[in-house]
Each structure stands twice: as structure tokens, then as C-alpha cells.
Amino acid sequence: MTLNPTAENYRVAVAAYEAGRPSYPAEIVAALPLAAARCVVDLGAGTGKFTRLLLQHLPATARLVAVEPVAEMSASLAKEAGVEVINTRADAINLETGSVDLVTCAQAFHWFDNEASVAEIARLLHPGGTLALVWNNRDDRTPWVDALSIMIEGYAGDTPRQRTGRWRWILKDPRFVLEREIVQDHPHRMKRQDVFERIASTSYVANLPDAEKAILRDKTDNILREAGLGDADEVVFPYVTQLFLLKRI
């Protein structure tokens, strides 16, 4: 199984991803079974926004493995003390069967919601282990955020993304049982100039020609201006964070 071609676009979006993407609510991290964990795998770790939160809350003796297929995304994370980075796909993780207490997928599972990857996750987790699926979703209940979403969705094509809901089949997979779901508003304060970086960090926008990106930047500015945010130094970008905790049977 090869890496999705659109995912390759993240190679040129590292800076935009770091600048434009939010972290995650403390309450989401607190809901994870970290206190007694001996081995945790953060799957699709990207630049390490979620990995670093895990590192802050894990016992000092725990092993933390960040799995990220795009080496450019994880380059900075690989220098982090206490994190072991493996650049591989979700269906090819060379760890011992049943050796993992928790697998987390933050902003990532829709990229590998396939049987081979889920079988690998199930192999790694011991019975009673936990799979945590986490997403920060743009809150389209806010009109200007909805306008941004409509603007970029025209470029999405068949790119895997959370909002299609295709990934939800795992919630009925016989190898897992859904134990808990948390939905929480997550406002993210950011520099106004970084709103476009959020747009540019989207996989299907990241590799557009510069001329097309310039058009999107102008459209983004217009949307913010119409929302009364044209002269703001900072904006609050509303998100809704979802956490699904699944137990390995």
C-alpha cells in the first residue's frame, strides 16, 4: 500500500501546518488512559502537536512512538527527547504484537481508514487496550468559517477527510467497542495572518500553484473583512474537538 498522493502534499506544508493548526483541549488529553501506560503509539503524528501533549502527561518510564509517513513533517519531532519517531505507514509498524496500551490518531485516521491499517492497530493493541480517534473540526456554525470551508472544499476532490464520515465504519468494527465520545467547543486564538496558513495547511491546497494560492489568500482576506475582522491583529478561530475512545476486545 502506497502513501495517498494527496498526503505527499504535506511535504511542502510543514510551516503552514505549525502556524495555522490549533493544539488540543486539555480535557481531551485528560480523558486518555495515560497514567498507567507503558507504550503509546501516536499514529499519523505529523509535526507532533498531539505527540507533545502526550509526552507531558505520560509516566517517565513509558515508551512513546510517533508514527508519521512523511519525514518532512516529523523532522522537528524527531529531535524531541522522549519521543521515538518511525517514518512508516499505518499498516506497517514494526512493533511487537500486543505490546501497546494506547494508539492515538489525532487529525489523522481518515487518511488510513482501511482494513490493512485497522488490522495493524488491532495487532499492536493488547486486549483491553485503547484506540483514541481525535479531530479538531472547523466550526462551520460560524458564518465566516463556513465561508472558508466552502471556498476550499471545491479543491478537495476525493481527498480523504473527516467530514465525509467514511471512517465511521470502525465504530462498528467487531475488534473494538466504542466506550466514550466527547464533543467540545475549542476556540483557537491566532494571528489574523495565520488564518490563511490554516487554509494552506490543508493537503489539497498545499500543493496548488502559487498563483492559485494568491487568489485564495485574497478570498480569505475578503471573507475576514466582511466578517469585521479585516483590521484585527488576532482572531478566534472556532473549532469543535471530537474524541472517540474505542476498547480493543
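Keep in mind that what you see is a predicted model, and the values were worked out from it rather than measured.
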Enter the distance from [X]:[atom1] to [Y]:[atom2] here, rounded to the nearest 0.5 Å.
{"X": "Arg192", "Y": "Asp194", "atom1": "CZ", "atom2": "CG", "value": "11.0 Å"}
{"X": "His186", "Y": "Asp139", "atom1": "NE2", "atom2": "CG", "value": "12.0 Å"}
{"X": "Lys213", "Y": "Thr220", "atom1": "NZ", "atom2": "OG1", "value": "12.5 Å"}

Handout entry: Transitive ILVMFWY side-chain link Leu224 to Tyr239, under 4.5 Å
Key =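 Yes, same cluster.
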Practice task
Take atom CZ of Arg163 as the centre, draw a 6.0 Å sphere, and report whether it contains more than 12 heavy atoms from other residues, nucleotides or ligands.
Solution key: yes
Exercise for the section: Take atom CD of Glu96 as the centre, draw a 6.0 Å sphere, and report whether it contains more than 12 heavy atoms from other residues, nucleotides or ligands. Expected result: no
Exercise for the section: Please check if the side chain of Asn136 supplies one atom and the backbone of Ser23 the other of a donor-acceptor pair under 3.5 Å. Expected result: yes
Practice task
Please check if the distance between the ring centroids of Phe237 and Trp144 is under 6.0 Å.
Solution key: yes
Practice task
Check whether the ring centres of Tyr24 and Phe50 lie less than 6.0 Å apart, and answer yes or no.
Solution key: yes
Practice task
If the plane angle is over 60° it's perpendicular, under 30° parallel, otherwise tilted; pick one for Phe109 and Trp167.
Solution key: perpendicular
Problem - Arg225/Asp218 ion pair, N-O < 4.0 Å - result: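 Salt bridge absent between Arg225 and Asp218.
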Problem - Reference residue Trp135; test side chain to side chain donor-acceptor pair (under 3.5 Å); the match among Gln162, Gln242, Gln107, His110 - result: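 The option that passes is His110.
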